Amino acid sequence: MSEKIEVEIEYTPEDYARSLKYITNRQFLVKYSLLFIYAIFGCIFLFSYLTDPAAFKIIFSSPLTLVTLLIPILVFTGWWFYAKDKPGYLLKRNIKNQFKSSPALREPKIISFDEEGIYGTSQFGGGLTKWTAFIEAAETADDFLFFTSNKVAQFVPKRFFTSEQINQIRTLAAGNMEGKINLLQ
């Protein structure tokens, strides 16, 4: 493919918050935090049972005790699943404050994709990131993310591209990043 894909992008604070939340959720401790909490509670219950089985049975045979423990666990689990993919209030507020204070974040950028890599420019500067610099690429419903490390990614909102351009980006990335790509198709 020799055709260059080029668009002008104006990022919003929501774009930054959404991509940062996606990148954060990929981290091991964040990704499996619910399991860690369940494991801790399980160990506490097991330790309680092993140290005094009779007291454990008396305490946990009461329906009130079971409901008292079950409700917070269910509420926490529900909150965890609800909030897991949504940027929190403080994250959004911090990004909005950064966005207001930095002209470079508000400035429209020209992003282009070609056989060499991804090139971005604005009135403040520009640069090329070659395909070989990316260790992984991911696609969400809203964005393309190109990772240069486990915690750092260049992201591009898909709303600025036509369906044909999105397919061209998928093809271009897949051709240059074999085995390192996770795209929707």
Side-chain angles (χ1 to χ4, degrees), residues 9 11-53 55-57 59-99 105 117-118 129-159 161 166 169-170 172-185:
I9 294 177
Y11 289 100
T12 65
E14 291 76 23
D15 292 330
Y16 288 103
R18 185 180 59 248
S19 66
L20 186 58
K21 185 68 175 181
Y22 179 84
I23 293 166
T24 303
N25 280 346
R26 291 167 33 97
Q27 296 174 22
F28 183 80
L29 290 177
V30 174
K31 192 174 186 178
Y32 297 108
S33 60
L34 187 63
L35 291 176
F36 292 132
I37 290 169
Y38 287 159
I40 290 168
F41 278 113
C43 289
I44 291 169
F45 290 139
L46 181 62
F47 180 76
S48 300
Y49 178 76
L50 292 175
T51 55
D52 192 355
F56 183 85
K57 287 178 185 174
I59 291 170
F60 290 102
S61 64
S62 165
L64 183 60
T65 303
L66 291 176
V67 169
T68 304
L69 288 172
L70 192 58
I71 288 175
I73 290 171
L74 290 175
V75 168
F76 180 77
T77 302
W79 170 82
W80 189 86
F81 279 106
Y82 172 76
K84 127 181 150 155
D85 295 327
K86 294 180 176 35
Y89 168 76
L90 291 177
L91 174 64
K92 287 193 262 185
R93 187 176 134 236
N94 287 339
I95 290 174
K96 283 181 183 176
N97 288 339
Q98 287 292 330
F99 200 77
L105 293 177
I118 301 173
T129 306
K130 294 184 178 186
W131 291 112
T132 54
F134 297 115
I135 62 168
E136 184 182 351
E139 179 182 358
T140 67
D142 299 311
D143 303 303
F144 286 110
L145 293 102
F146 298 93
F147 290 86
T148 54
S149 77
N150 288 331
K151 296 180 183 179
V152 177
Q154 292 182 15
F155 73 97
V156 183
K158 290 168 37 178
R159 70 177 179 275
F161 299 98
I166 289 172
I169 291 169
R170 288 176 181 148
L172 189 59
N176 288 290
M177 297 181 63
E178 289 183 31
K180 301 187 288 186
I181 195 158
N182 179 19
L183 298 177
L184 303 173
Q185 289 183 331

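No experiment lies behind these values; they were computed from the predicted model shown.
- The NZ atom of K57 lies 4.5 Å from the OH atom of Y49; values are rounded to the nearest 0.5 Å.
- The aromatic rings of F134 and F146 lie tilted to each other, with the angle between the two planes from 30° to 60°.
- Ring pair F147/Y22 is tilted by interplanar angle, where 30° to 60° counts as tilted.
- Between F99 atom CZ and E14 atom CD the span is 8.5 Å, to the nearest 0.5 Å.
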Considering only distance and modelled atom types, tabulate donor-acceptor pairs under 3.5 Å from the side chains of residues 62-71, sequence neighbours left out.
{"unit_1": "S62", "atom_1": "OG", "unit_2": "L64", "atom_2": "N", "d": "3.3"}
{"unit_1": "T65", "atom_1": "OG1", "unit_2": "I59", "atom_2": "O", "d": "3.2"}
{"unit_1": "T68", "atom_1": "OG1", "unit_2": "L64", "atom_2": "O", "d": "2.6"}

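- Annotation: Y11 is in aromatic contact with F155 [ring centroid separation under 6.0 Å].
- The distance from atom CG of L105 to atom CD of Q98, rounded to the nearest 0.5 Å, is 7.0 Å.
- Rounding to the nearest 0.5 angstrom, the gap separating the CD1 atom in I169 from the CD atom in E139 is 9.0 Å.
- Across E136 and M177, no two heavy atoms sit closer than the pair C-CE, 3.5 Å.
- A donor-acceptor pair under 3.5 Å links the side-chain atoms of K158 to the main chain of T140, judged by distance alone.
- In this structure, L172 and N176 approach most closely via the heavy-atom pair O-ND2, 2.8 Å.
- In terms of heavy atoms, D143 sits closest to P157 at OD1-CA, 3.3 Å.
- For Y32, the OH atom counts as loosely surrounded, since its 6.0 Å shell holds 12 or fewer non-hydrogen atoms of other residues, nucleotides or ligands.
- Contact detail for S33 and W80: the closest heavy-atom pair is OG-NE1, 2.9 Å.
- Rounded to the nearest 0.5 Å, atoms OG (S61) and CZ (F56) are 10.5 Å apart.
- Of all non-hydrogen atoms in I23 and A153, the two that sit nearest each other are CD1-CB, 3.8 Å.
- D15 places a side-chain N or O within 3.5 Å of a backbone atom of T12 that can act as its donor or acceptor partner.
- In the displayed structure, F36 atom CZ is contacted under 6.0 Å by more than 12 heavy atoms of other residues, nucleotides or ligands.
- Here the closest non-hydrogen pair linking T129 and A133 is CG2-CB, 3.8 Å.
- Proximity of I37 to I73: side-chain heavy atoms (C-beta onward) are nowhere separated by under 4.5 Å.
- Taking a 6.0 Å sphere around CZ of F76, one finds it holds more than 12 heavy atoms contributed by other residues, nucleotides or ligands.
- The neighbour count for K96 NZ, taken as heavy atoms of other residues, nucleotides or ligands under 6.0 Å away, does not exceed 12.
- Atom CZ of F47 is separated from atom CG of D52 by 11.0 Å, given to the nearest 0.5 angstrom.
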